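See structure below.
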Amino acid sequence: MSENCNCNCGNNDNVNPNRESLDFVRQIVADDCASGKWGGRVATRFPPEPNGYLHIGHAKSIVLNSGIAQEFAGSFNLRFDDTNPVKEEDEYVQSIMADVRWLGGDWQDRLFFASDYFQQMYDWAVELIRKGKAYVDDLTPEEIRQYRGTLTEPGRPSPYRDRSVEENLDLFERMKKGEFANGARVLRAKIDMASNNLNLRDPIMYRILHATHHRTGDKWCIYPMYDWAHGLEDSIEKITHSICTLEFENHRPLYDWFLDQLDGVFHPQQIEFARLNLTYTVMSKRKLLQLVTEKHVNGWDDPRMPTVSGMRRRGYSPECIRSFCKKVGVAKFNSTVDVALLEHCVRAELNKTSSRYMAVLDPVKVVITNYPEGQSEYLDAVNNPEDASAGNRKVPFGREIYIEREDFMEDAPKKFFRLTPGREVRLRYAYFITCQEVIKDATGNIVEIRCTYDPATRGGDSPDGRKVKSTIHWVSVADNVKAEVRMYDHLFAKPDPEDVPEGQTFLNSINPESLKVINNAVLEPELGKLPAGTRVQFERLGYFCVDPDSTPARKVFNLTINLRDTWAKEQVK
RNA sequence: UGGGGAAUAGUGUAACGGUAGCACUAAUGACUCUGACUCAUUCAGUCUAGGUUCGAAUCCUAGUUCCCCAGCCA
């Protein structure tokens, strides 16, 4: 008899005899489902501290937790772990909610705050004191550190460790009432000062913090520490699988100890996985904050930042971030994923979904000498060859057009297929043109290219079946919109920004060319009508999106990611 | 010289004692009104040394390397 579970986790032997490969977290969940460990129930959560903006590493956690909930017909909570008022702000809770929602994390009506549990946590702390499992310590922070011992030497018990239950109760209540200054006393769990796991050497449960909390205001002046609070939060919410990152592995014995001391509380299982690292970027909140405050970037949502808001502004879609998170997998190996994988996911998604337009970033004028002066026309263009439902549009054409400066070469090498004197190429959706003449200024810069066109090739096909080696994009001189285009590259110049000589920091790895602003780009007119946030492809260049800095008078576009460019690679050789 | 984790192509991730697979990257070619996309091909891997076994990435022993822990941060 096979054990089936009633969720769609792929663990139903009747339906799927070859259980598809699940990551180790999902395997645990599937096994629990099969064994009925939690009554078949699955409940996950994403528990951010509102002290910064979310980044791609958080996205991995959100996709994991909400994904598991979805796949196993479970529930997913968003819970703010707001136990430290000095670092937390409402601005962050707002941005986090927006980011989680944008990524597709659906917490439905289950939005929670650790701060809503403060009274319950306090009551449980009193329970621990009553059981002789916790005590108020008067040691200074410095003394506590000294008493804790080191990695190789055991700690020593605090002289206050054996206070009576009555005295502890009294002191703890007075801590709560605000009778003592910050740092004067703490409540500690009484576990084992000689434990090899430093987390078990009488960890601090409460500290005194006379600070205004973003939600509870001045109601509390003692605040629970992570280790004490987190398991309780999970327990209150009946979380089954409390998924966190590897650095909390050492904390699991403590997570379990606290829950074991309390009577009749729900005891979730903590599971740790490796956090995400990416090449050419940094991921720690501290460093991201530093980039923002020291103005190495233009805010949390700078398109070069690995923040969710930065990637959104850059033009990444939630779908591509989700597909990336799926592809990187979940394991316990501390790895660094190549940012090229992220970029692949972005291109793959945008290729399917974005409309094509023509834009010239570095314009040079082409005059079609045999095209009648004063004449113009509209040509048909396909919006998205990958998606017929995207339809068609008209693009204005005339005697003078702009093409990309790098699409012309006077002395072209053999492998250069684009415009060069005497060669015929196709203007996308327009005509075949042949370069006849190059006009330069006094310093030798090309200012104009003179071509002839073949009227019979209107639309881009030759009736006689002759071929051209390349197709280039263009924009009408008479009918276009000007725009600013921000070209982004990796924020850091090295795969590992931390890999710097003695005395330097990751800031020394910043790529000085991570942002190049193009002020004189010309776009086909349709592009001028798009609202902020719209993701498009500039043909032959890359994916771009309309930046919120755009005004009705002047559009701003961000480069999301360039198209793969084998010609550029060829040139490097 | 404490404790806790982890090691599979360049990168990431599967294989749960039975043919080391997939994706990205790179290279080559085909196709092409985007030098894109797509398709095909190729390069390339079990940390080391022993052992158990008909058979080991997987089990055992020893070692090596990397990560985490001495916040009143999370």
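Values below: every heavy atom of this structure, side chains too, minus hydrogens, waters and symmetry copies. Naming convention: chains lettered A, B, ... in sequence-line order (proteins, then strands); numbering from 1 in each chain. Note that the structure is predicted; figures quoted are calculated from it, not measured.
The listed nucleotides are B/rC67, B/rG4, B/rC73; the one nearest the side chain of A/Glu249 is B/rG4. Looking at the side chain of A/Ala340, the nearest of the listed nucleotides B/rC24, B/rG35, B/rA70 is B/rC24. Here B/rA6 is the nucleotide among B/rA6, B/rG71, B/rG35 with the atom lying nearest to any side-chain atom of A/Lys332. Residue A/Thr566 places its side chain closer to B/rG35 than to any other of B/rA74, B/rG35, B/rG12. When the nucleotides B/rU13, B/rC24, B/rA70 are ranked by their closest atom to the side chain of A/Ser335, B/rU13 comes out on top. Residue A/Glu49 has its side chain nearest to B/rA74 when only B/rG3, B/rA70, B/rA74 are considered. Side-chain atoms of A/Lys569 lie closest to B/rA26 of the nucleotides B/rA26, B/rA36, B/rG4. Here the side chain of A/Glu539 is nearest to one of B/rG35, B/rC69, B/rU34, namely B/rU34. Of the candidates B/rU13, B/rA6, B/rG71, B/rU13 carries the atom nearest the A/Ala331 side chain, counting heavy atoms from C-beta on. Of the listed nucleotides (B/rG2, B/rC67, B/rG71), B/rC67 has the atom at the smallest distance from the side chain of A/Asn334.
Among the protein residues, A/Tyr223 comes within range of no part of the nucleic acid, since none of its heavy atoms lies under 4.0 Å from any strand. Contacts of A/Thr83 with the nucleic acid, taken as non-hydrogen atoms under 4.0 Å apart, involve only primed sugar atoms and P, OP1 or OP2. The residue A/Leu209 sits apart from the nucleic acid: no heavy atom pair falls under 4.0 Å. Residue A/Thr279 is out of contact with every strand shown, counting any heavy-atom pair closer than 4.0 Å. Nucleic acid contact class of A/Leu139 (heavy atoms, under 4.0 Å, all strands): base. Nucleic acid contact class of A/Val330 (heavy atoms, under 4.0 Å, all strands): sugar-phosphate only. Among the heavy atoms of the strands, none lies under 4.0 Å from A/Tyr431. Looking at heavy-atom distances under 4.0 Å, A/Gln537 makes contact with a base. Here A/Asn51 lies out of heavy-atom contact (under 4.0 Å) with every strand. Base contact: A/His251 has a heavy atom under 4.0 Å from a base atom. A/Leu151 comes within 4.0 angstrom of a nucleotide base, judged by non-hydrogen atoms across all strands. Within the nucleic acid shown, A/Ser354 has no heavy atom closer than 4.0 Å to any nucleic acid atom. As judged by a 4.0 angstrom heavy-atom cut-off over every strand, A/Val186 is placed among the base-contacting residues. If you check every strand for non-hydrogen atoms under 4.0 Å, A/Pro385 touches a base.
Comparing B/rC47 with B/rA7, their P atoms sit 9 Å apart, to the nearest whole Å. Taking atom C1' in both B/rU34 and B/rA27, the straight-line distance is 23 Å, to the nearest Å. Going from the C1' atom of B/rC54 to that of B/rG17 covers 12 Å, rounded to whole Å. Here, B/rA74 and B/rG51 have their C1' atoms 45 Å apart, quoted to the whole Å.
Remark: A/Arg201 is not in phosphate contact with B/rG3, judged by side-chain N or O atoms under 4.0 Å from OP1 or OP2. The phosphate of B/rG35 (OP1 or OP2) has no side-chain N or O of A/Arg428 nearer than 4.0 angstrom. For A/Arg356 and B/rC37, the shortest distance from a side-chain N or O to OP1 or OP2 is not below 4.0 Å. OP1 or OP2 of B/rG35 has not a single side-chain nitrogen or oxygen of A/Thr471 nearer than 4.0 Å. The shortest distance between the side-chain N/O atoms of A/Gln27 and the OP1/OP2 oxygens of B/rA14 is not below 4.0 Å. Distances shown here put a side-chain N or O of A/Arg540 below 4.0 Å from the OP1 or OP2 atom of B/rG35. Distances shown here put a side-chain N or O of A/Arg564 below 4.0 Å from the OP1 or OP2 atom of B/rC37.
Stacking of A/Arg79 on the aromatic ring of A/Phe112 is not recorded, the 6.0 Å distance cut-off and the 45° axial limit not both being met. Judged by the 6.0 Å distance and 45° axis criteria, A/Arg163 is not positioned over the aromatic ring of A/Tyr135.
Atom C1' of nucleotide B/rC24 and atom NZ of A/Lys326 are separated by 16 Å, given to the nearest angstrom. Taking atom OH of A/Tyr147 as the reference point, atom P of B/rG71 lies 17 Å away to the nearest angstrom. One atom, CG of A/Leu427, and another, C1' of B/rU34, lie 13 Å apart when rounded to the nearest Å. Rounded to whole Å, atom C1' of B/rU58 lies 18 Å from atom CZ of A/Phe24. Spacing between atom CZ of A/Phe248 and atom C1' of B/rC69 amounts to 12 Å, rounded to whole angstrom units. Nucleotide B/rA6 holds its P atom 10 Å from the CZ atom of A/Arg252, rounded to whole Å. The interatomic distance linking A/Glu247 (CD) with B/rC73 (P) rounds to 17 Å, in whole Å.
Of the nucleotides present, B/rA6 is the one that pairs with B/rU65 by Watson-Crick or G-U wobble criteria, both distances under 3.5 Å. Across all strands shown, nothing is found opposite B/rU1 as a Watson-Crick or G-U wobble partner with both distances under 3.5 Å. In a base pair of the Watson-Crick type (N1 to N3 plus N6-O4 or O6-N4) or a G-U wobble (N1-O2 and O6-N3), with each distance short of 3.5 Å, B/rU46 is matched with no nucleotide.
Less than 6.0 angstrom separates the ring centroid of A/Tyr453 from the ring centroid of A/Tyr431.
Remark: A/Asp202 engages A/Arg161 in a salt bridge, criterion side-chain N to carboxylate O under 4.0 Å. With respect to the salt-bridge test (charged N to carboxylate O, under 4.0 angstrom), the residues A/Glu272 and A/Arg252 qualify.
A donor and an acceptor atom never sit less than 3.5 Å apart when one is taken from the side chain of A/Asn197 and the other from the base of B/rG2. Contact annotation: side chain of A/Asn84 to base of B/rC73, donor-acceptor pair absent below 3.5 Å.
A/Asn65 and A/Ser61 share a side-chain donor-acceptor pair at under 3.5 Å.
For the pair A/Phe333 and A/Asp137, both in contact range of RNA chain B, the more 5′-proximal nearest nucleotide belongs to A/Phe333. Heavy-atom nearest nucleotides on RNA chain B were determined for A/Ala274 and for A/Ile472, and the one closer to the 5' end corresponds to A/Ala274.
Between A/His251 and A/Tyr226, the ring planes lie perpendicular to each other; the angle is over 60°, past the 30° to 60° tilted range. Note: A/Tyr122 and A/Trp220 have tilted aromatic rings, judged against thresholds of 30 and 60 degrees for the angle between ring planes.
Enclosure of atom NZ in A/Lys494 by more than 12 non-hydrogen atoms of other residues, nucleotides or ligands within 6.0 angstrom is indicated.
Rounded to the nearest 0.5 Å, atoms CZ (A/Arg458) and OH (A/Tyr429) are 14.5 Å apart.
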